[in-house]
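Before any comments, here is the structure.
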Amino acid sequence: MPEGPSIVILKEAIDQLNLEGKVIRHVEGNTKIDKDRLINQKVTDFRSWGKHFLICFDEFTLRIHFLLFGSYLINEQKKTPPRLSLIFDKDELNFYACSVQIFEEPADKIYDWSGDIMSDSWKSANALKKLKANPGMLVCDALLDQNIFAGSGNIIKNEVLFRARIHPLNTVVKLPDKKLKEMVTETRNYAFDFLEWKKEFTLKKHWLAHTKKTCPRCNIPFHKEYLGKTKRRSYFCTNCQVLYE
DNA sequence: TCTCATGTTTAGGT
DNA sequence: GACCTAAACATGAG
């Protein structure tokens with residue numbers, strides 16, 4: 001569920017229902033937020049920013065974050081109790097095991113859309129600027145940093161570094177400028193490949209590095225190590241992924 | 001049955 | 001404050 005492209009799929013599915021401008025009639029779920037705040041409120045828009053799914057209202061924004069295990073169902077229910085159910089006249093949206101928050105501001109005041117790798121407003125130059133402001137940061141951390149690449153996650157990290165032949169333990173400053181730019185553009189490229197493959201249910205089949213045992217370029221074993229500040233799984237080939245001096 | 005993982009926040013230590 | 005770690009949350013695949 002979690003990475004940015006999956007949230008785009010959710011947004012597109014909900015857009016099919018044409019709920020923009022519709023009013024929420026009932027609210028259920030075990031969330032701790034004030035559910036009454038949502039009743040009789042008119043949804044103005046559904047949006048996504050990175051891994052955040054946003055339900056927008058004139059005066060406030062409802063944010064759903066699926067963390068690692070969250071899920072949703074549209075006009076269907078699970079046996080397990082929902083974290084949040086939004087019931088409209090004809091449709092219902094059910095969210096499970098997710099983080100729910102209300103911000104008392106419209107989404108445009110909260111979010112910088114140019115930081116979202118999936119957004120039409122994405123600006124690679126902004127990401128580049130943020131990277132250069134953190135020269136000592138490991139690239140494996142940078143690709144998980146939501147302030148730089150909102151929507152990128154561990155799968156995208158591993159696949160992008162493999163595609164661009166970059167060793168995960170490079171610091172930002174060690175990468176040649178051209179490589180750094182390539183890392184940024186490949187992040188968005190891969191995210192859109194991820195989106196298409198996920199829609200076809202063929203995402204896993206297309207993984208070249210993530211969870212893989214052997215490098216498909218060199219035909220030698222991948223390294224699997226828990227790297228960076230967040231100690232997330234990294235799969236990499238020390239032969240074709242370069243560690244720059 | 002058990003381990004582990006597409007994630008983030010918070011509390012606590014140094 | 002910077003920087004680190006562990007814990008908490010919670011679900012399903014293998």
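Numbered from 1 within each chain, the chains take letters A, B, ... in sequence-line order. This one's a predicted model, so the numbers in the text were calculated from it and none came from an experiment.
Across C/dT11, B/dT8, B/dT6, the shortest atom-to-atom separation from the side chain of A/Glu3 is found for B/dT6.
Side-chain contact, A/Trp207 with A/Asn158: no donor N or O sits under 3.5 Å from an acceptor N or O. A/Tyr244 and A/His167 are not linked by any side-chain donor-acceptor pair at a separation below 3.5 angstrom, with hydrogens and angles left out of the test. Side-chain atoms of A/Lys157 and A/Ser234 form a donor-acceptor pair, as typed in the model, at a separation below 3.5 Å.
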Between A/Lys132 and A/Asp177, is the salt bridge (charged side-chain N to carboxylate O under 4.0 Å, His left out) condition met? List the steps.
CA-CA 10 Å; A/Lys132 296 207 166 170; A/Asp177 207 50; 2.6 Å; yes

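When each of A/Lys231 and A/Thr80 is assigned the nucleotide of DNA chain C bearing its nearest heavy atom, the one mapping closer to the 5' terminus is A/Lys231. Along DNA chain B, the nucleotide nearest A/Tyr235 and the nucleotide nearest A/His65 are compared for position; the residue whose nucleotide lies closer to the 5' end is A/Tyr235.
Computed from coordinates, the A/Phe194 CZ to B/dT6 P distance equals 11 Å when rounded to whole Å. The separation between A/Leu68 atom CG and C/dT11 atom P is 12 Å, rounded to whole Å. For A/Tyr226 and B/dT6, the OH to P distance is 8 Å, given to the nearest whole Å. Regarding A/Lys204, its NZ atom lies at a distance of 10 Å from the C1' atom of B/dT6, rounded to whole Å. Distance NZ (A/Lys32) to C1' (B/dT9): 12 Å, rounded to an integer number of Å. One atom, NZ of A/Lys229, and another, P of B/dT10, lie 18 Å apart when rounded to the nearest Å. A/Lys79 has its NZ atom 15 Å from the C1' atom of C/dG12, to the nearest Å. Per the geometry, NZ belonging to A/Lys51 stands 9 Å off C1' belonging to B/dT8, to the nearest Å.
Distance noted for atom C1' between B/dT6 and C/dT5: 23 Å (whole Å).
Nucleotide C/dA6 has B/dT10 as its partner under the Watson-Crick or G-U criteria, with both atom distances under 3.5 Å.
Nucleic acid contact for A/Lys157: none, since no nucleic acid atom lies under 4.0 Å from a heavy atom of the residue. When heavy atoms are screened at a 4.0 angstrom cut-off, A/Lys224 is found touching the sugar-phosphate backbone but no base atom.
Annotation for A/Lys199: atom NZ counts as buried by contact number, over 12 foreign heavy atoms lying within 6.0 Å.
Contact annotation: A/Arg233 reaches the phosphate of B/dT6 (side-chain N/O to OP1 or OP2, under 4.0 Å).
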